[in-house]
Amino acid sequence: MGTKKQILILGGGFAGVYAARHVERFLRSDEASISLVNQENYWVDQPLLPEVISGLIGLTDVVSPIRQLCPRTQLVMREVQKIDLANKVVTVSPGFRPRLLELPFDYLVIALGSISNFSGTPGMVEHVKPFRTLSDALNLRNHLIHALDEAEIETDADLRRKLLTFVVAGGGFSGVEVVAELCDFVDKVRQNSPGLRNEKGRFVLVHAGDRILPEMSESLALFAHKLLAKRGIEIRLKDRLVGATSEKALLKSGLEIPTKTIVSSVPSSIPQVLEKLDCEKDGGRLKVNANLELVGYEGCVWALGDCASIKTVSGNRTPPTAQHAIREAKTVAKNIAAVIRGGPSSPFAFEGLGKLGSLGHYSAVAEILGVRISGFPAWLLWRAIYLAKLPGLRQKVRIALDWFLVLLFPPDFVQMRVVREAGIARQHFEAGEVVFFQGDLGDNVYVIQSGECEVLRETNGRQSHVAMLGPGDYFGEMALLSDVTRNATVRARTTMDVVLVSKNDFEALKTSVPAFGDVFRKLAKDRSAANLETHQKGSSAA
Ligand SMILES: Cc1cc2nc3c(=O)[nH]c(=O)nc-3n(C[C@H](O)[C@H](O)[C@H](O)COP(=O)(O)OP(=O)(O)OC[C@H]3O[C@@H](n4cnc5c(N)ncnc54)[C@H](O)[C@@H]3O)c2cc1C
C-alpha cells in the first residue's frame with residue numbers, strides 16, 4: 001500500500017457533497033483523506049428553495065450540515081481564492097486571523113457551481129434580487145413581507161401599485177418556480193391582510209426565448225404557460241430585463257414596469273476564481289473529457305456540476321441540473337478510486353431520467369422516461385421524487401412534515417430580520433493586545449478613538465519601534481492601498497478603542513469619493529518616505 005493520498009473537493013453543493021459521499025464509500029480511510037472547501041457549513045437543496053419563499057418549507061429544512069452528510073470528510077469553511085494546478089495547492093480565504101491558508105492536494109475535484117452575474121447591466125446589482133442561495137431566498141421572503149406590509153398602509157395609489165407589482169426575469173425552471181411560489185405567497189398574505197383583500201397583485205415573467213421552460217417539450221411548456229396565465233401571471237416572451245432602478249424594471253422592448261420587486265434567475269457564470277484558472281474552457285465553463293477529467297490535467301483534476309462543460313458518451317451536453325450533478329459525482333469518485341488503486345476510468349454516460357417543474361398551487365409539469373404528465377398527478381410525482389432524492393432520513397421527515405403541516409395551517413408570514421453587519425464597526429483592545437501582525441492580510445483601516453498603540457517592524461529578526469499613534473490617528477491603510485500584507489505589527493500601549501472600516505467599504509469609499517482616497521494615499525506616501533529615512537539612518541525609532 002502506497003502513502004495516503006489527499007483528495008481535495010472544492011464546493012459543497014450537489015456535485016461536491018455527493019462526490020465526497022461516494023469517495024467515502026469507494027475508498028477506505030487508510031487509502032485517502034478527503035477535505036472539502038465550502039463557503040458555508042451546509043448543503044442547500046436548491047430545487048426546493050422556491051418553496052422557502054412561500055413558507056411551504058421552513059428555512060432551515062432546506063439545508064443539511066455537510067459534516068453529517070460526509071462524516072469522514074474534513075470541512076474547511078472558507079472561500080477558495082486561488083487554485084494553483086501546477087503546484088497542486090489551493091489557497092483559501094483567512095478565518096478569524098487574517099492569514100491565507102494553503103491546502104495541498106494529490107487529487108482535486110472542482111465543483112464550485114455557478115454564480116448570478118449582473119455586472120454590465122445598469123442598476124441590476126443594486127436593484128435586482130438574485131435567487132440562488134439560502135440567503136437570497138431569505139432576503140426575498142423578507143423583502144416580500146416588508147413590501148406587502150407597506151402596501152397595506154400606503155395611501156399613495158402609485159406607490160401601492162409598485163409595492164404590489166413583482167417582476168421575475170428568466171422563464172427557465174427556476175424562474176417559473178419562483179414566480180409561481182411568489183404568486184401563491186402574495187395571494188395567501190392578501191387573504192390574511194384585511195387592507196389588501198380587495199387588491200390584486202401584478203406578476204410579470206420576462207423571458208428572452210419564444211416559449212417558457214425551454215428545458216421541457218413544447219406541449220408541457222404550453223401547458224405551464226396557460227396555467228400561469230390563468231392564474232394572472234403576465235408572461236412576456238422574446239423580451240428581456242435590460243436595466244433596473246429602485247422604482248421600475250426596464251425591458252428591451254422599451255416597456256417600463258413600475259415596481260419595487262425585481263427577481264432574476266437568469267445570467268450565471270462560473271465563480272471568478274475559476275474564470276482566472278489557467279485551463280481550457282468551453283462556453284465559459286471548465287472543459288472536461290468523457291471521464292470528467294479537466295483537459296490538460298488528466299488523472300489529477302476533475303470538474304463537474306454547473307461549473308463544468310460536460311458531454312455524455314452520446315455527445316449530448318449535460319444541462320446544469322441537480323440530477324446530473326449527482327450522477328457526475330459518482331463517476332468522478334469511481335474514477336478517483338480507479339486512479340488510486342490502478343484500474344480503468346469510466347466515462348460519464350447518464351442521459352437524464354426526466355424533468356420536473358413545480359408550478360405552485362398543487363400543480364406541476366413532468367416528463368419522465370418520455371412520458372409527459374401535468375397538473376396534480378405531476379405535482380404528486382414531483383413531491384414523491386424530491387422526497388426520495390433527499391439525502392438522510394432527518395431531512396426527508398422534516399420536509400414531509402412541512403408539506404403536511406401547510407395542509408392544516410396557513411404558512412407563517414414572520415419576517416426574519418437578520419442584523420446587518422454595520423459598514424463601520426468598533427473594537428476595544430486591552431493594553432498589550434495585538435491589533436494585527438506583520439505579514440497578516442490587510443482587512444481593515446483603523447481610526448483611534450481613544451488610547452494609544454505602537455507600530456513595530458521586524459527586519460532580519462530584529463524588532464524596531466516605528467511610531468506611536470494616538471486619538472484621531474489612523475493606520476492599516478498601506479496594506480489596503482497596495483494590496484500587500486501588513487508591513488508592521490500594531491500593538492495597543494494602553495486600553496484603546498478604534499473604529500474600523502472594512503476593506504470592501506474602504507474600496508467603495510475610495511472609488512466613489514476621490515478626496516477620501518487622496519487623504520489616505522498622501523498619508524501612505526508620507527509614511528513610506530519616513531520609513532525609508534529611518535532605514536537609511538540605520539536607526540530604530542524605539
Ligand atoms: C432556484 C433553483 C431551482 C432549481 N431547480 C432545479 C430542479 O428542479 N431540478 C434540478 O435538477 N436542478 C434544479 N436546479 C439546478 C441545480 O440546483 C444545480 O444544477 C445544482 O445545484 C448544481 O450543483 P453544483 O454542486 O454544481 O453547484 P451548487 O449547488 O451551486 O454548489 C456550489 C457550491 O460551491 C460553493 N462555492 C462557490 N464558490 C466558492 C468559493 N470561491 N469558495 C468556496 N465555496 C464556493 C457554493 O457556496 C456552493 O455551496 C435549480 C437551481 C436553482 C438556483
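What you see is a predicted model; the values in this text were computed from it and never measured. Start at 1 and go down the list; that is how both ligands and their atoms are numbered.
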Student: What residue among Tyr386, Tyr362, Trp403 forms ring-ring contact (aromatic ring centres under 6.0 Å, His included) with Trp379?
Tutor: Tyr362
Student: Is it possible for you to check whether Lys503 lies under 6.0 Å from the centre of the six-membered ring of Phe506, through NZ or CZ, and within 45° of that ring's axis?
Tutor: no
Student: Quick check: closest heavy atoms across Lys311 and Arg317, and the distance to 0.1 Å?
Tutor: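 So the two residues come closest at CE-NH2, 3.6 Å.
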Student: Below 3.5 Å, N or O to N or O, backbone or side chain included: is there any such pair between Ala325 and ligand 1?
Tutor: no
Student: Please find the pair of heavy atoms, one from Lys396 and one from Leu387, that lie closest to each other, and give the distance.
Tutor: CG-O, 3.4 Å
Student: Looking only at heavy atoms, which two atoms of Gln395 and Pro391 are closest? And how far apart?
Tutor: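 Shortest heavy-atom contact: OE1-CD, 3.7 Å.
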Student: Do any nitrogen or oxygen atoms of Glu79 come within less than 3.5 Å of a nitrogen or oxygen of ligand 1?
Tutor: no
Student: Go through ligand 1 atom by atom and flag the ones less than 4.0 Å from a non-hydrogen atom of Gly305.
Tutor: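 Once the distances to Gly305 are compared, the set is 26 (O).
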Student: With atoms numbered from 1 as shown, which atoms in ligand 1 lie under 4.0 angstrom from a non-hydrogen atom of Arg78?
Tutor: 43 (C)
Student: When you measure from atom 1 (C) of ligand 1 to each heavy atom in Gly12, Ser174, Ser114, Gly357, which option holds the nearest one?
Tutor: Ser174
Student: Would you check whether Gln272 reaches within less than 4.0 Å of ligand 1, judged by its heavy atoms?
Tutor: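 No, Gln272 has no heavy atom closer than 4.0 Å to ligand 1.
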Student: Is the shortest distance from a heavy atom of Tyr386 to ligand 1 less than 4.0 Å?
Tutor: yes
Student: Considering only non-hydrogen protein atoms, determine which one is nearest to atom 42 (N) of ligand 1 and report residue, atom name and distance to 0.1 Å.
Tutor: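 The protein heavy atom lying closest is Val80 N, 2.8 Å.
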Student: Which bit of Glu40 gets closer than 4.0 Å to ligand 1, counting heavy atoms only: side chain, backbone, both or neither?
Tutor: side chain
Student: Regarding atom 37 (C) of ligand 1: of the candidates Val44, Val178, Leu112, which has the closest heavy atom?
Tutor: Leu112
Student: Side chain or backbone, does Ala15 bring an N or O within less than 3.5 Å of an N or O on ligand 1?
Tutor: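 Checking ligand 1 against Ala15, an N or O pair does fall under 3.5 Å apart.
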Student: I want to know if ligand 1 touches Pro50 in the polar sense, i.e. an N/O pair below 3.5 angstrom.
Tutor: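 No, Pro50 has no N/O under 3.5 Å of an N/O on ligand 1.
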Student: Measuring from atom 29 (O) of ligand 1, which candidate in Gly113, Ala137, Gly13 has the nearest non-hydrogen atom?
Tutor: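 Nearest option to atom 29 (O) of ligand 1, by heavy atoms: Gly13.
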Student: Quick check on Phe173 - does any of its heavy atoms sit under 4.0 Å from an atom of ligand 1?
Tutor: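 Outside the 4.0 Å threshold, so no.
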Student: Taking side chain to side chain contact (heavy atoms under 4.5 Å, CB included) as the test, write out the residues that go with Ala479, two or more places apart.
Tutor: Arg486
Student: I need the minimum non-hydrogen distance between Asp136 and Arg132, along with the two atoms involved.
Tutor: OD2-N, 2.9 Å
Student: Report, in ascending order of atom number, the atoms of ligand 1 lying under 4.0 Å from any heavy atom of Gln323.
Tutor: 11 (O)
Student: Is there any ring-ring contact (aromatic ring centres under 6.0 Å, His included) pair reaching into residues 53-98, and which pairs are they, with sequence neighbours excluded?
Tutor: none
Student: Should you measure from each heavy atom of Asp306, which atoms of ligand 1 turn up under 4.0 Å away?
Tutor: 18 (C), 19 (O), 22 (C), 26 (O)
Student: How far is atom 14 (N) of ligand 1 from its nearest protein heavy atom, and which residue and atom is that?
Tutor: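 Closest protein heavy atom to atom 14 (N) of ligand 1: Pro47 CG, 4.3 Å.
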Student: Return a yes/no value for Ala322: is any of its N or O atoms, backbone included, closer than 3.5 angstrom to an N or O of ligand 1?
Tutor: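 The answer is yes, given that Ala322 and ligand 1 share an N or O pair closer than 3.5 Å.
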Student: Kindly confirm or rule out an N or O of Phe131 lying under 3.5 angstrom from an N or O of ligand 1.
Tutor: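 No; the residue has no nitrogen or oxygen that sits under 3.5 Å from a nitrogen or oxygen of the ligand.
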